[in-house]
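Okay, so here's the structure we're looking at.
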Amino acid sequence: MPRRSPVRDPEVAPLEHLRGELQAGALVAARALLGCILERRIGRAVLRARIVETEAYSQDDPASHCYGGQTPRNAPMFGRAGLTYVYVSYGMHRCMNVVAGVEGTGEAALLRAVEPLQGIDRMIAARGWQGKPVRQLANGPGKLCAALSIGLEHNWVDLLADGELRLIPGRLDPQETIIVTPRIGISKAVDWPRRFAISGNLYLSRRG
DNA sequence: TATTAGATTGTCT
DNA sequence: GACAATCTAATAT
């Protein structure tokens with residue numbers, strides 16, 4: 001058996017590269033996550049979706065949950081890069097972040113929209129509706145968690161390890177570019193350009 | 001197409 | 001007690 005080299009192994013190398021980008025902080029992570037695949041396994045079903053929109057949050061940011069320090073809720077944001085931080089939004093929705101930065105700093109990238117690739121029927125069932133365009137299946141942070149059946153039990157999950165919820169490294173296509181805009185749905189730091197999206201992608205939560 | 005209201009509960013002050 | 005990193009349906013234009 002040939003030795004598995006972290007550098008040469010086509011599976012391992014991109015994963016370690018992604019880990020490094022996540023460790024570099026929320027701003028780098030939010031960009032690096034675009035084009036990556038989020039995989040969710042439910043029993044034998046495999047759901048896959050491509051990340052097309054993210055937002056960066058960090059400790060020095062008045063709009064961030066960890067502005068002002070660590071609390072029980074935001075604790076995962078201070079963990080190591082690649083963990084999940086899932087929270088309840090408006091009492092009824094779940095939203096998922098990918099933790100970034102080095103351990104001890106409060107940083108994360110919110111996943112705002114994904115493009116469904118595989119297991120779409122399952123996602124439709126999880127959302128509880130049919131007959132609407134697939135573009136609206138996961139084009140929002142609450143919607144994508146519903147479509148992929150992601151709940152609070154998926155808090156603290158290591159997305160860079162093999163499990164029922166994981167990240168598969170991916171890149172943008174050559175013709176794709178990243179647009180940067182203010183974030184959506186916040187009331188502080190409303191002008192900060194910290195939303196990242198694949199320009200022109202059909203599955204964004206909004207245009208522009 | 002744009003704007004608005006209502007649902008609903010964990011979290012922190 | 002106030003507010004929230006949202007979503008949907010309904011109403012107005």
Side-chain angles (χ1 to χ4, degrees), chain A residues 22 25-34 36 38 49 51-79 81 83-101 105-116 123-157 159 165 178-198 202-208:
Chain A
L22 297 183
L27 289 167
V28 174
R31 284 178 178 274
L33 287 167
L34 296 178
C36 291
L38 187 60
I51 298 168
V52 298
E53 181 180 338
T54 62
E55 285 178 358
Y57 289 90
S58 53
Q59 222 171 332
D60 59 347
D61 172 2
S64 172
H65 285 172
C66 60
Y67 186 69
Q70 188 169 340
T71 66
R73 177 177 66 154
N74 65 27
M77 288 184 74
F78 292 81
L83 290 178
T84 56
Y85 164 46
V86 182
Y87 68 93
V88 179
S89 176
Y90 291 92
M92 62 197 86
H93 303 293
R94 313 282 176 272
C95 297
M96 192 180 105
N97 292 255
V98 179
V99 174
T105 66
E107 300 196 48
L110 171 70
L111 303 186
R112 278 202 59 89
V114 297
E115 172 182 347
M123 297 183 202
I124 289 172
R127 288 266 279 131
W129 54 246
Q130 292 183 9
K132 293 188 199 171
V134 175
R135 321 166 48 135
Q136 295 176 24
L137 192 51
N139 63 338
K143 296 182 193 180
L144 78 86
C145 283
L148 296 174
S149 298
I150 294 169
L152 291 181
E153 68 273 24
H154 298 99
N155 212 357
W156 295 101
V157 168
L159 292 169
L165 189 59
I178 296 175
I179 52 170
V180 186
T181 76
R183 292 167 294 185
I184 294 171
I186 56 174
S187 58
K188 295 162 195 160
V190 293
D191 294 334
W192 293 25
R194 293 196 170 197
R195 170 176 172 257
F196 302 87
I198 299 177
L202 291 177
Y203 298 85
L204 301 184
S205 66
R206 26 178 110 162
R207 301 230 177 227

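Values in this document were obtained by computation on a predicted structure and should not be read as measured data.
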Inset, instruction - Would you mind building the protein contact string for nucleotides 8-13 of chain C? One character per nucleotide, 5' to 3', B for base within reach (heavy atoms under 4.0 Å), S for sugar-phosphate only, - for untouched. - result: SS----

Inset, instruction - If a protein heavy atom is under 4.0 Å from the base, mark B; if only from the sugar-phosphate, S; if neither, -; do that for nucleotides 2-13 of chain B going 5' to 3'. - result: -----BBB-SS-

Legend entry - Rounded interatomic separation in angstrom, taking CG from Asp191(A) and C1' from dA5(C): 16 Å

Legend entry - Between dC3(C) (P) and Tyr87(A) (OH): distance, integer Å: 18 Å

Inset, instruction - Give a yes/no answer on whether the side chain of Ser187(A) brings an N or O atom under 4.0 Å of OP1 or OP2 in dA4(C). - result: yes

Legend entry - N/O (side chain, Arg112(A)) to phosphate O (OP1/OP2, dT6(C)) under 4.0 Å: yes

Inset, instruction - Kindly say whether the aromatic ring centers of Tyr57(A) and His65(A) come within a distance under 6.0 Å. - result: no

Inset, instruction - Would you name the heavy atoms of Val86(A) and Asn155(A) that are closest together and state the gap between them? - result: N-OD1, 3.0 Å

Inset, instruction - Would you write the dot-bracket representation of DNA chain C, where each base gets (, ), [, ], | or . depending on whether it forms a Watson-Crick or G-U pair under 3.5 Å and with which partner? - result: ||||.|||||||.

Inset, instruction - Using the aromatic ring of Tyr57(A) (for Trp, its six-membered ring), decide whether it stacks on the base of dA5(C) within the limits of 5.5 Å and 30°. - result: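 Base of dA5(C): stacked against Tyr57(A).
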
Legend entry - Main-chain N/O of Ala30(A) paired with Thr54(A) side-chain donor or acceptor, under 3.5 Å: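 Here the side-chain-to-backbone pair exists.
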
Inset, instruction - Using modelled atom types only, decide if a donor and an acceptor are shared between the side chain of Gln59(A) and the backbone of Gly106(A) within a distance under 3.5 Å. - result: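 Side chain of Gln59(A) to backbone of Gly106(A), a donor-acceptor pair under 3.5 Å: yes, one is there.
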
Inset, instruction - Working to the nearest 0.5 Å, report the span between CD1 of Ile186(A) and CG of Asp61(A). - result: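 Ile186(A) CD1 to Asp61(A) CG: 7.0 Å, rounded to 0.5 Å.
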
Legend entry - Sugar-phosphate, base or nothing in reach of Leu110(A), heavy atoms under 4.0 Å: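 The residue Leu110(A) makes base contact.
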
Inset, instruction - Answer with base, sugar-phosphate or nothing: what part of the nucleic acid does Met96(A) contact at a heavy-atom distance below 4.0 Å? - result: nothing

